Amino acid sequence: MSVAPQEQETPRPSRRWRRPLDVGLRLAGGVLSVLAATLTAVLELLLAPLRVGGYLIGVAVLVAVVANIALSWFAVEAVGRRWAVALPALPWVAIMVVAADRTSEGDVLLVGNWVGLTLVVGGAMTFAVMAFRSVLAPAPAPRRY
């Protein structure tokens with residue numbers, strides 16, 4: 001009776017580079033979400049006093065809500081953690097707080113009219129709702145490397 005030779009398993013290629021690459025991409029996604037939030041906050045501050053025919057139009061509020069939804073989604077997807085919603089939220093809120101305060105010369109970037117108030121409330125509530133949705137979402141399936 002002859003014995004068949006045992007099949008040898010071919011060694012798998014080394015995948016040591018995957019983990020550092022994954023961490024690097026997640027870190028880059030987090031940094032990008034912070035920078036994008038800073039950029040959109042400045043853009044919204046520039047759009048806040050926009051008038052058409054002498055009337056405030058409030059386009060900054062719409063931009064804030066849409067951009068904050070996109071930033072929250074991107075941060076969670078890029079970083080892969082639920083707490084990543086805070087990455088774009090913190091610089092956005094900090095910029096709005098600083099913009100609402102008077103400078104030593106008396107200048108105010110974000111005036112307390114209906115556009116300014118709605119901008120701050122709408123943008124902050126958007127981040128709060130996205131964070132709440134992230135908490136309620138089911139846990140993602142574990143990924144294999």
Side-chain angles (χ1 to χ4, degrees), residues 6-145:
Q6 291 182 347
E7 293 182 21
Q8 293 182 354
E9 215 175 280
T10 59
R12 299 180 82 178
S14 177
R15 295 186 178 170
R16 295 179 189 190
W17 54 271
R18 280 192 167 184
R19 180 73 176 153
L21 180 65
D22 183 55
V23 170
L25 287 174
R26 289 173 189 259
L27 182 65
V31 169
L32 186 61
S33 68
V34 169
L35 292 175
T38 304
L39 180 69
T40 59
V42 171
L43 175 68
E44 292 155 14
L45 287 174
L46 292 173
L47 292 175
L50 186 63
R51 296 175 182 266
V52 172
Y55 297 102
L56 288 170
I57 59 172
V59 71
V61 178
L62 180 64
V63 171
V65 170
V66 172
N68 291 354
I69 289 171
L71 287 169
S72 299
W73 173 83
F74 176 77
V76 170
E77 289 297 317
V79 175
R81 301 283 186 251
R82 294 176 182 180
W83 58 262
V85 174
L87 290 175
L90 291 175
W92 189 91
V93 169
I95 289 171
M96 291 299 156
V97 167
V98 169
D101 194 21
R102 288 192 183 277
T103 64
S104 58
E105 292 85 20
D107 299 331
V108 179
L109 292 175
L110 190 60
V111 181
N113 56 18
W114 72 270
V115 175
L117 296 174
T118 310
L119 175 64
V120 172
V121 171
M125 286 302 294
T126 301
F127 281 124
V129 168
M130 293 301 288
F132 187 70
R133 287 191 60 195
S134 177
V135 168
L136 291 182
R143 297 180 185 174
R144 301 183 98 189
Y145 292 103

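Bear in mind the structure is a predicted one, so any value in this text is a computation, not a measurement.
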Inset, instruction - Mind checking the CG-CG spacing from L27 to D22? Nearest 0.5 Å is all I need. - result: 11.0 Å
Inset, instruction - Hey, could you give me the CG/CZ distance between L87 and R81, rounded to the nearest 0.5 Å? - result: 12.0 Å
Legend entry - Atom pair CE/CE of M125 and M130 - distance to nearest 0.5 Å: 13.0 Å
Inset, instruction - Carefully, step by step, assess R133 and L136 under the rule side chain to side chain contact (heavy atoms under 4.5 Å, CB included). - result: CA-CA 5 Å; R133 287 191 60 195; L136 291 182; 5.9 Å; no
Legend entry - side chain to side chain contact (heavy atoms under 4.5 Å, CB included) evaluation trace for I95 with T38: CA-CA 8 Å; I95 289 171; T38 304; 3.7 Å; yes
Inset, instruction - Take L25 and L21 through the test side chain to side chain contact (heavy atoms under 4.5 Å, CB included) and record every step on the way to the result. - result: CA-CA 6 Å; L25 287 174; L21 180 65; 4.2 Å; yes
Legend entry - Main-chain N/O of A137 paired with R82 side-chain donor or acceptor, under 3.5 Å: yes
Inset, instruction - Give me the one residue out of V61, V63, L110 that meets side chain to side chain contact (heavy atoms under 4.5 Å, CB included) with E44. - result: V63
Inset, instruction - Applying side chain to side chain contact (heavy atoms under 4.5 Å, CB included), run through L45 and M96 and close with a yes or a no. - result: CA-CA 8 Å; L45 287 174; M96 291 299 156; 3.9 Å; yes
Legend entry - Straight-line distance of N113 CG to L56 CG, nearest 0.5 Å: 5.0 Å
Inset, instruction - For S72 and N68, indicate whether the former's side chain and the latter's backbone hold a donor-acceptor pair under 3.5 Å. - result: yes
Inset, instruction - Please indicate whether R51 has more than 12 foreign heavy atoms, meaning atoms of other residues, nucleotides or ligands, lying under 6.0 Å from its CZ. - result: yes
Inset, instruction - First locate atom CD1 of I69, then atom CZ of F127, and finally report the distance between them rounded to the nearest 0.5 Å. - result: 10.0 Å
Inset, instruction - Enter the distance from L62:CG to T118:OG1 here, rounded to the nearest 0.5 Å. - result: 12.5 Å
